[in-house]
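Okay, structure first, notes after.
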Amino acid sequence: MSATGVVSGANDAARAMDRMGKQAKQTASDVSAIKNIAIGAVAVKGVSMLADAFTSAGRAAFSYAAGVADTVDKLNDISDRIGVTVEGLQVFNMAAKLSGVEDGTRALQKLTVVIGEAAESGKTEAFTKLGIDFEKLQAMSPEEQFRTIQ
């Protein structure tokens with residue numbers, strides 16, 4: 001083998017190594033780009049999940065607020081119809097539930113109807129038998145009527 005052949009072989013090897021180095025740098029660059037794309041995709045997915053969570057929480061809060069508003073409206077309607085304060089109605093309902101009565105509002109409404117029918121018909125002897133002065137009972141608020149009969 002001649003010196004020229006050795007030098008030529010060394011030069012060929014150097015060029016091959018240089019090409020391999022450039023290809024390695026390009027591969028590293030491509031891998032870095034793919035990594036950045038993957039990180040971006042994960043970040044976008046995370047932001048999307050966060051937005052979904054906020055949307056879901058917002059819907060739940062709105063639904064809860066709507067439920068509370070609906071309940072307040074119903075309590076106001078019932079309290080207006082039977083002449084009981086909303087607070088009194090809430091207290092009555094809580095006491096009824098603690099006593100095992102599922103719908104205290106309905107029981108209070110029925111009581112006011114029974115008292116009204118007794119007043120119209122003049123059949124008040126059931127109240128008299130309980131020792132209740134019917135005229136005084138009629139003058140009371142529904143809450144006081146319930147306490148008196150109780």
Side-chain angles (χ1 to χ4, degrees), residues 11-150:
N11 285 337
D12 288 343
R15 282 191 292 273
M17 294 294 277
D18 189 45
R19 279 193 306 270
M20 282 180 29
K22 287 179 182 175
Q23 287 175 346
K25 285 181 185 176
Q26 183 61 45
T27 301
S29 176
D30 292 345
V31 167
S32 179
I34 291 170
K35 178 185 79 173
N36 289 338
I37 290 170
I39 289 171
V42 168
V44 167
K45 182 68 173 175
V47 169
S48 174
M49 289 171 64
L50 187 60
D52 289 347
F54 279 124
T55 301
S56 185
R59 281 190 201 123
F62 180 77
S63 177
Y64 176 76
V68 168
D70 186 47
T71 300
V72 169
D73 285 345
K74 286 178 182 175
L75 281 172
N76 280 328
D77 288 346
I78 292 169
S79 72
D80 287 344
R81 271 198 319 263
I82 60 177
V84 177
T85 65
V86 172
E87 294 82 8
L89 193 56
Q90 289 173 321
V91 168
F92 181 78
N93 272 326
M94 180 58 71
K97 282 186 182 179
L98 291 173
S99 301
V101 175
E102 189 59 36
D103 190 356
T105 302
R106 189 164 296 180
L108 192 56
Q109 286 176 312
K110 188 171 183 175
L111 173 67
T112 59
V113 168
V114 167
I115 291 172
E117 288 173 351
E120 286 179 15
S121 69
K123 297 180 181 178
T124 60
E125 54 275 352
F127 296 98
T128 306
K129 286 180 183 178
L130 293 172
I132 297 171
D133 182 336
F134 189 77
E135 287 182 21
K136 287 183 182 178
L137 184 69
Q138 277 186 287
M140 297 176 184
S141 71
E143 292 130 307
E144 293 171 321
Q145 290 172 340
F146 179 79
R147 284 189 202 106
T148 299
I149 294 172
Q150 181 187 13

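None of the values given here were measured: they were computed from a predicted structure.
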Would one find more than 12 heavy atoms of other residues, nucleotides or ligands at under 6.0 Å from atom CE of Met94? no

What closest approach, in Å, do [X] and [Y] show between heavy atoms, and which atom pair accounts for it?
| X | Y | result |
| --- | --- | --- |
| Leu108 | Pro142 | CD1-O, 4.1 Å |
| Ala118 | Thr124 | O-CG2, 3.8 Å |
| Met140 | Gln145 | O-NE2, 3.5 Å |

Can you sort out the partners of Leu130 under side chain to side chain contact (heavy atoms under 4.5 Å, CB included), two or more places apart, ordered by chain and number? Ile132

Distance from Leu137 atom CG to Glu135 atom CD, nearest 0.5 Å? 11.0 Å

Measure the shortest side-chain to side-chain distance between [X] and [Y] over non-hydrogen atoms and say whether it is less than 4.5 angstrom.
| X | Y | value |
| --- | --- | --- |
| Ile115 | Ile149 | yes |
| Thr148 | Phe127 | no |
| Val113 | Lys110 | no |

